[in-house]
Amino acid sequence: MDIRPLIAASFSPKEAEAYAAYSLSDADRAALTATGADLLKHFPPIPAACLPMSSLHSVVLEKHVKQKAYVVVGSLYADRVRVFGEDGELDGKRFSQSDPSWDGHGWIVLGDQLADASLFRTARSGKGHPALAALVKREVSPQAAMMICKASDTEKRGSGMRRATSSHRIRSMAWRGVPEG
């Protein structure tokens with residue numbers, strides 16, 4: 001997933017270049033996992049909390065790594081069924097003012113890693129979309145509390161999950177889970 005055009009449009013071309021030049025270290029990967037696990041311990045276990053969880057995760061993570069973690073929003077599909085968001089492309093105008101009708105999804109990207117703190121909670125809550133619940137039950141260990149994956153793995157065929165941002169369609173997703181507690 002190349003989010004450089006999104007970073008350039010939302011922040012600046014210079015920031016997009018810095019993001020492209022950044023190489024995630026083992027310490028950064030460990031910080032991504034540790035801050036995500038800590039977030040899950042302290043954030044109430046409520047479904048559909050992707051934006052506050054992703055926003056908080058990115059802010060906490062910035063204290064531990066050299067590169068900004070970006071919150072990305074879009075649509076989420078499970079087994080070819082849209083479970084969050086819209087089928088059309090997003091544009092910046094959509095978020096120029098508050099819009100409670102938007103039902104998209106949010107996650108963070110740090111270097112080549114994508115992290116989603118709320119996805120498994122929502123899927124397992126009994127209040128999430130049945131397609132998402134079925135996919136997570138089928139593909140994810142019950143002990144996995146948070147999804148972290150290499151962003152490029154999201155473009156491989158396999159698990160039946162994909163995300164759509166304003167300019168990219170992601171066809172499927174492979175992940176490793178952060179264990180609960």
Side-chain angles (χ1 to χ4, degrees), residues 1-7 24 29 32-33 36-37 39-40 43-58 69-92 94-95 99-181:
M1 171 185 347
D2 183 8
I3 65 167
R4 288 177 296 177
L6 298 173
I7 294 170
L24 205 65
R29 284 188 226 308
L32 179 64
T33 301
L39 172 71
L40 292 169
F43 202 92
I46 55 175
C50 62
L51 292 179
M53 290 183 84
S54 295
S55 298
L56 183 58
H57 192 191
S58 72
Y70 293 94
V71 177
V72 181
V73 298
S75 298
L76 179 71
Y77 295 77
D79 289 335
R80 298 190 176 119
V81 175
R82 181 177 36 83
V83 296
F84 292 110
E86 304 166 346
D87 287 326
E89 293 290 313
L90 292 174
D91 62 27
R94 179 64 190 251
F95 301 106
D99 185 355
S101 70
W102 183 74
D103 184 33
H105 190 62
W107 58 94
I108 67 168
V109 176
L110 174 68
D112 67 349
Q113 299 289 300
L114 182 152
D116 193 328
S118 71
L119 186 66
F120 297 163
R121 282 184 173 181
T122 298
R124 295 174 178 141
S125 71
K127 297 178 181 178
H129 194 286
L132 178 61
L135 177 67
V136 168
K137 185 176 182 176
R138 182 181 75 234
E139 299 283 337
V140 180
S141 163
Q143 288 76 36
M146 179 179 163
M147 184 192 75
I148 298 177
C149 65
K150 195 168 184 178
S152 62
D153 289 346
T154 64
E155 297 177 6
K156 296 176 182 175
R157 298 204 178 269
S159 73
M161 188 173 294
R162 71 181 172 99
R163 294 165 189 253
T165 65
S166 63
S167 61
H168 298 281
R169 296 270 178 197
I170 300 167
R171 291 177 284 282
S172 64
M173 182 155 296
W175 55 72
R176 62 186 164 90
V178 172
E180 189 76 55

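Because the structure is predicted, anything quoted here is derived from the model rather than measured. Hydrogens, waters and symmetry mates are skipped; everything else that's a heavy atom, side chains included, is used.
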Heavy atoms only: give me the nearest [X]-[Y] pair and the separation to one decimal.
X: Leu40; Y: Ala117; value: CD2-O, 3.5 Å
X: Pro47; Y: Ser125; value: CB-OG, 3.4 Å
X: Val136; Y: Ala123; value: CG2-CB, 3.6 Å
X: His57; Y: Ala115; value: CE1-CB, 4.2 Å

If you measure from [atom1] on [X] to [atom2] on [Y], what distance do you get to the nearest 0.5 Å?
X: Arg121; Y: Cys50; atom1: CZ; atom2: SG; value: 13.0 Å
X: Asp112; Y: Leu24; atom1: CG; atom2: CG; value: 5.5 Å
X: Ile3; Y: Tyr70; atom1: CD1; atom2: OH; value: 7.0 Å
X: Arg124; Y: Leu132; atom1: CZ; atom2: CG; value: 10.0 Å

Residues in side-chain contact (heavy atoms from CB on, under 4.5 Å) with [X], at least two apart?
X: Ala69; result: Ser58, Leu61, Ile108, Leu110
X: Ala131; result: Ala78, Val81, Val83, His129
X: Pro52; result: Phe43, Ala49

Where do Met146 and Thr33 land on the side chain to side chain contact (heavy atoms under 4.5 Å, CB included) test, with the steps shown first? CA-CA 9 Å; Met146 179 179 163; Thr33 301; over 6 Å; no
Going through the distances and angles, do Leu76 and Trp107 end up as a side chain to side chain contact (heavy atoms under 4.5 Å, CB included)? CA-CA 10 Å; Leu76 179 71; Trp107 58 94; 5.7 Å; no
Using the rule given for side chain to side chain contact (heavy atoms under 4.5 Å, CB included), can you reason through Leu119 versus His105, listing the C-alpha separation, both sets of side-chain angles and the distance that settles it, and then say yes or no? CA-CA 9 Å; Leu119 186 66; His105 190 62; 4.1 Å; yes
